[in-house]
Amino acid sequence: MTPYHRGLAALSIVGVYWALLLVGITACLSIRSDAYVASIWAGTVAGTLLGHALALCNVRTRIAAFAIVMIAVSAVAIKPSGIGGSTMVAAFIPAAGCAFWSLGDRTTLVAFWFPAVVWMLSILEHTSAGGMPDDTGMVLLGGLALSFIIFVRVRETRRVALWCSVATEPLALESARVILKERPGARLSRAGWALVASGIAFGATAWVAPQLWRPEQLAPASGTAPAPSRHANLGLPCCPVVADVDTTRTRVKEFFDIGRGRDDSPTPRPGIDCRGWCESSHVAAAGTPYERVPVATEASAGYGTPYVPTRYDQEDVSSSGAATTPAGTQLEYTTNADALTPTAVATPNPAPTSMAVATPPPPPSLPTPMAATPSPSSPPPSSPTPESAPTVTPKLPPAQVTTPEAPPPAAPPPPELAMPHASSDVTTTSQPAPAISPSVLQWLAMLLAAALIFQLALVALRPIRRFVTLRHLRRPFWEETVDQRVSNAWQLALVGLRDAGWRASAQESPRELARRIGIDGVDRCATVLERARHGIGIDAEDLSMMTASAESAYRDARSRLGPVARAVTWLRWPLT
Amino acid sequence: MLSARQARIAALIVPSLCVAIVTLNARGGMIESAGQILIAMWVTALGALLVLALDARDGATQRSLAIGDRRARETVWARIDVLTSSGAALISTGGAAIIVSSITGWASLSVVGVLGMGTVYLAVIWNAVVAGGEQPWRRATIIRTLVPERPIEGERLREELRLTDLAIPAGMRLFISGRTMRHGALSRYVVDSTGSGAELELTSELGPAMRGEHRSVLELWLGDVLGVTRTPVFQRGEVTLTVLPRVMRVDGVRALVGAGGDAATALPTQVIPTEGSFRIREYADGDDARRIHWVRSAQQDRLIVRLPDELPLADPAVRLILDNELSGTEDLTCRAPDEMLDALVRVWLGIGKELADSGSCVTLVAGVTSGDTIVPVERTLVARSPREAAMQLGARATWQSVLPLASLVRTGPSRQIIVSTRRRRVRRTAALAWVVVPEAAWTTDEGTLPRDPLITNAYPLGAHDNRPTRRELELARARTRAHDRTMFSQVLCWTKWERFSGDHVAWPDRGRARLKVIP
C-alpha cells in the first residue's frame, strides 16, 4: 500500500460521506425549503467541507475542534442576511465534527450520526403519528442502513490500507501479488454475502429502530376533529361529528426541530367506539365510501337501560329540531357524497321515536391549524374531513326525517388535514407547509432503478459476448493469419483455464504455465505458441493440432467444474 | 484498570446490558419490544461466543498437559475475544446512542444506536459461525520462503508466501503479519475472500539482511470486512534464516603479526646483490646479472645465480578469538548491541581473512550456542580454502554470558589475538594481542524521542498508532531504548587509552576497517 492508495481510500470515504449527505439533503429539500432550512443546509455544507479539509490535512483533534468553534463563532458574527445564525451554527458544528471524525479512528458511529440526522428529517416526514414510517419512510430507513454498511466498509478498507502502510516500525514493501489459481465463483459468493448483509441491515433497522422512536405531543391547537355524538336513545355515541376541539399532534423528535408532526386524534370505530352514523351526526362533507350500517333505533335495543341524553345530544337536538324517525326504524347509511337521503329499509316497529336528526355543525375553516373556529353561521364548505370523520349520509324516508342541510355543491378541494404544526418558536408558522412531494425521491428511485437495470442488462449480455468471442476464437469470422489463429487457439485454452480458476502470470512463459497446471493439451498449445512467437514456421498440421489441443484443454479444464460453476462462467468477464 | 482484552470482552456485555435495562424499563410498548429484539440478538451473539468458548476449552483441555492450565485458560479467553477495538467502540457508542436517545428522544440517535449494536451482534454471530473454529486453517498450505536462501549480511532480502487452499469465508479478510529479523522490517499482508481456495503468491521486500540466525513465524487471523470482529491468532509459516556475515577489508593487519613476510610477498633481507647466499640456482633469462655467482658458475660450467634471502613468516599459526562475552544484552531493546556484535564479527573475520591470505594459518575461536548451552568452537581459516565454515561460525555468534573469555584463550606459544569491544584482564597468558572495536565508532544513533507535531498527528488521521495509549507506549519504548543505549555505552566505555598502549584499535574507514596502534 502506497501513500497513493491511502489517499484514494480516504477520498472514497469522503465521497461516500458526501453522497450520503447530498441524498439526504435532496430528499429533505423535496419536502421543505425555506430560509430556516436553507440556513441548516448552509451550515451543513460549510461544516462538512471544513471537517473534511481538517481531516485530510491530518490536523489534531483538539486543534480541529478549536478551529471549528472559532469559525462557527466568526460565522455568527458575520452571517449573511436572511440566514439564521444560531441555526446555521447548530448545523455547522456537528457537521464539521462528524465530517472530521469520518476519517478518524473508532469514530464510525459518531461520524455517521450527522448524515443520519439529515436522512431522518425525510424519514420522519413519512412517519405516522404513532411513530411508524410508511412505505417511503421504510425505504429511506433501509437506504440509510445500507449506507451505513457501505460507510463502515469503506472506512475499514482505509483502515486496512493504513495498517499495511503505517506503523511505528519499518514495514516491508509488498510487491504485486500473483494469483496462480482462483476458486471459481469466489466473487459470486462475496457479492451474495454483500447482498445478505445489506438485506439484514435493511430489515433489522427498519424493524427495530422505529420502535425506539418516542413520539412527542405538541401543544394543542384549535381545530376540527371528530367529536362524539350521542343520541338520546342509544348507549354508544354516534360516530364522528365534526366539531371544534383542541387537536393534539405528535411527532418524533429530532436534532433539527423542524418536524411538522401528525394528528393524533383517535379514529372512532363504528360499533365499538360509536354506534354508527346517526342522522344527527354528520354532514356530508366529502364523499368517503361507507358501508351500510344497520342501526336499531329502539330506545333500549341491545343497550339495557334507556340512555340519558348528554350535553352533546342536547346540543344536537337543539340545533336540529325534533326527532322524526320513529322508534324501531332501521336506518341504512349509504355512501353518497352528494345527497343526504336517509332511507328506512325496514320498520319493524312503527311507533315514532324520539331520535333527533341533528344538523351537523359547520365544518372548520381549514387548513390553518391555528385558525379560530369558524362561526356556525358561516356557510359550511366542503369540509376537509379527516379520515376519522368520514362523511355519511343517512338515508331516511323523506316523509319521516328532517333532511339536514346539504353542503354547498361547489366546495373547493379540501386541503389536507395533517398540516404543519410545530411546537418550537422557529417552526411555528401560520402558513401551511407544502404538501410532501415525493417527486425528487421518485426521480432518485428511478435513477437507481435505471442504473440497476443497466447493470443487469450488461450482465445479461455477457453470455452473448462470450459466445461470440469463443466462436471467433474457434472459427474466425474473417480471414486471419496463421500466427493470429495460433494466438486465438491459445486464448481459447486460457479461457477454459480461467474458467477452472487457473491464471497465468505475466512473468510466466506458456511452457511454465503448462507444466504448472498439468492439463492435457496445454503443453502442446504452449509448444506451438512459442514456435510461432520465435518466428518458426507453422504449417497446417501444426495449426490443426493447436486448434484441437486448445479445444481439448478448454473442455478438460471446464470438465473439472460442477454444473453450477460451469453455468456461472458464462457470466464471467473479462474472459482471460 | 482493565486490560485491552478485558475491555473488549466487557464491551460485549456492559453496553448491551445498559440498553436492555433502559429499553425494558421504558413505558412505551414499542420501545420495550425493540429492547426485547435487541436482547434477543445480544443473547444469540453471547450464545455463539459460549459455543466458541466451550469448543476452545475442550481443545485446551486435551492439550492442557502439553501447554499448561494457564495457557489453556488463555486460549479460552483468546477465543471469545472476538471484538476489535473498532468493534468495541462501535457497540459502546451504539449503546450510548440508544441511552441518549431515550433521554433526548432524537430518532437519529436510536437509528445509529440500533445500526451500531446490530452490526456488532450480526458480525459476532457471523464470525462465530463461519470462522470460529479451526476450519479455515485446516486444509491451508502456507509455504514461506526467503530469497536468497543463504543471504550475506546487507543483501536485499525478499519474502515469498504461497497460500493454497486457505478458506476465507465471505465477508472476512485474512490478515498476515510477521517479522523475519529482530530489528528488521515487519511484513503485513491482507487477502480478501476472493482469495479463498485460491493459490496466491505474496511477495515483500524485507530490506537488507541482518547477520545472524533468525527464526520467525507468521501470525494469521481473520477479520470481517467491517472491521468489527476477528478470530484468534494462528501461527504458521515458521522459517529459519541464516544470514552470513559480510567480511570486511581490514587494513594494517600486518602489524599484528610482527615484521615477518608471508608466502605471497617475501620480505627480503637488506643485503646488496653481490653478497653471499646459500640459495642458488641456474641462471634464467631476465635474472639480474649482478646476482651471478661466478665462482659456482666456473665450477659447474654454467651460469649460477644467487637468490635473495627472506625473513621467515612471523607467526605461521594465529588464534583469532572473538570476545562475545557480555551479559544482559538480551533484555536491551536498542539496536546497538546487535550492531556492535555485527561490527565485531566483521572485523574478526576481516582480520582472519587478511591473515590467512598472507599465509598464516588462522584459527577462529568463538563461543556459540549449541543446543541450550554455549560451547567454544574453532574453525580454521586457510588461504584458498573454502570459508563456509568460518562464515557459519560468524553467523552463529551472539552475545553470551556463559563462556568466559579466559576459557577461549590457550596457554602456549601460539600467537593469540582477541577482537573485543574493550580490553579486559585475562590471566592465563601474557602473549595476547588485542584489537579493540570501540562502540562509539561502530554503532549508530538510536534516534531522538518521538515528539508529536503541534498541529498535525504523528500518523495519518485514522491510523491506530495515533491513539493516545499507543503514543504513550511508543514514547515509553523510545525512552527505554534510549536508556538501554546509555547503559550499553557505559558498559563498553573505555577512556584510559594509555593503559592500552601497544594494542590496536579498529576504526571504520569508508566501508573498511583500519587498524591503528594505540600510542
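Side-chain atoms are counted along with the backbone in the values below, which use heavy atoms only and exclude waters and symmetry mates.
At least one side-chain heavy atom of A:Met120 sits less than 4.5 Å from a side-chain heavy atom of B:Val111. Two residues are said to be in side-chain contact when any heavy atoms from C-beta on lie closer than 4.5 Å; B:Leu146 and B:Glu160 fail this criterion. Looking only at side-chain heavy atoms (C-beta outward), B:Leu218 and B:Arg144 come within less than 4.5 Å of each other. Put simply, the side chain of B:Val112 does not reach to within 4.5 Å of the side chain of B:Ile98, judged on heavy atoms. No side-chain heavy atom of B:Trp42 sits less than 4.5 Å from a side-chain heavy atom of B:Met117. At least one side-chain heavy atom of A:Val14 sits under 4.5 Å from a side-chain heavy atom of A:Leu103. Using a 4.5 Å cut-off on side-chain heavy atoms (C-beta onward), B:Val147 and B:Leu157 make no contact.
With a 4.5 Å cut-off on non-hydrogen atoms, A:Leu141 touches chain B through its side chain but not through its backbone. Only the side chain of A:Arg159 comes within contact range of chain B, with heavy atoms under 4.5 Å apart. Contact annotation for B:Leu38: only side-chain heavy atoms (C-beta onward) come within less than 4.5 Å of a heavy atom of chain A. Only the side chain of B:Asp465 comes within contact range of chain A, with heavy atoms under 4.5 Å apart. Heavy atoms closer than 4.5 Å to chain A are found in the side chain of B:Glu474, but not in its backbone. In this structure, chain B has a heavy atom under 4.5 Å from the side chain of A:Ile63, while its backbone stays farther away. Contacts between A:Trp119 and chain B at a heavy-atom distance below 4.5 Å are absent for every atom of the residue. Heavy-atom distances place both the backbone and the side chain of A:Phe112 under 4.5 Å from chain B. Using a 4.5 Å cut-off between heavy atoms, B:Asp224 touches chain A through its backbone atoms (N, CA, C, O) alone. For chain A, the nearby part of B:Arg173 is the side chain; its heavy atoms alone come within less than 4.5 Å. Using a 4.5 Å cut-off between heavy atoms, B:Ala89 touches chain A through its side chain atoms alone. Residue B:Leu90 touches chain A through both its backbone and its side chain, counting heavy-atom pairs closer than 4.5 Å. The contact between B:Thr203 and chain A is made by backbone and side chain atoms together, counting heavy-atom distances below 4.5 Å. With a 4.5 Å cut-off on non-hydrogen atoms, A:Phe100 touches chain B through its backbone and its side chain both.
In terms of heavy-atom pairs under 4.5 Å with chain A, the best-connected choice from B:Leu115, B:Thr194, B:Leu202, B:Leu109 is B:Leu115. For the set A:Arg177, A:Arg153, A:Glu156, the entry with the most heavy-atom pairs within less than 4.5 Å of chain B is A:Glu156. Comparing A:Glu169, A:Arg155, A:Arg62, A:Arg60 by how many heavy-atom pairs each has under 4.5 Å with chain B, the most go to A:Arg60. The candidate with the highest count of non-hydrogen atom pairs below 4.5 Å against chain B, out of A:Val110, A:Leu180, A:Asn58, A:Ile13, is A:Asn58. Between chain B and the options A:Glu182, A:Arg503, A:Arg106, heavy-atom pairs under 4.5 Å are most frequent for A:Arg106. In terms of heavy-atom pairs under 4.5 angstrom with chain B, the leader among A:Ile179, A:Val178, A:Val117 is A:Val178. With chain B as partner, the option from A:Ala10, A:Ala64, A:Ala167, A:Ala145 having the largest number of non-hydrogen pairs under 4.5 angstrom is A:Ala167.
Between the side chain of B:Glu219 and the main chain of B:Ile176, no donor-acceptor pair closer than 3.5 Å is present.
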Quiz item: Can you check side-chain hydrogen bond (donor to acceptor under 3.5 Å, both in side chains) on A:His52 and A:Ser102, steps first, answer last?
Solution: CA-CA 8 Å; A:His52 278 152; A:Ser102 67; 3.2 Å; yes
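Annotation for A:Trp101: atom CH2 does not count as buried by contact number, only 12 or fewer foreign heavy atoms lying within 6.0 Å. Counting non-hydrogen atoms of other residues, nucleotides and ligands closer than 6.0 Å to CZ of B:Arg139 gives a total of 12 or fewer.
The pair B:Arg470-B:Glu472 does not count as a salt bridge, with every side-chain nitrogen at least 4.0 angstrom from each carboxylate oxygen.
Checking B:Tyr121 against B:Thr44 by side-chain atom types alone, no donor-acceptor pair falls below 3.5 Å.
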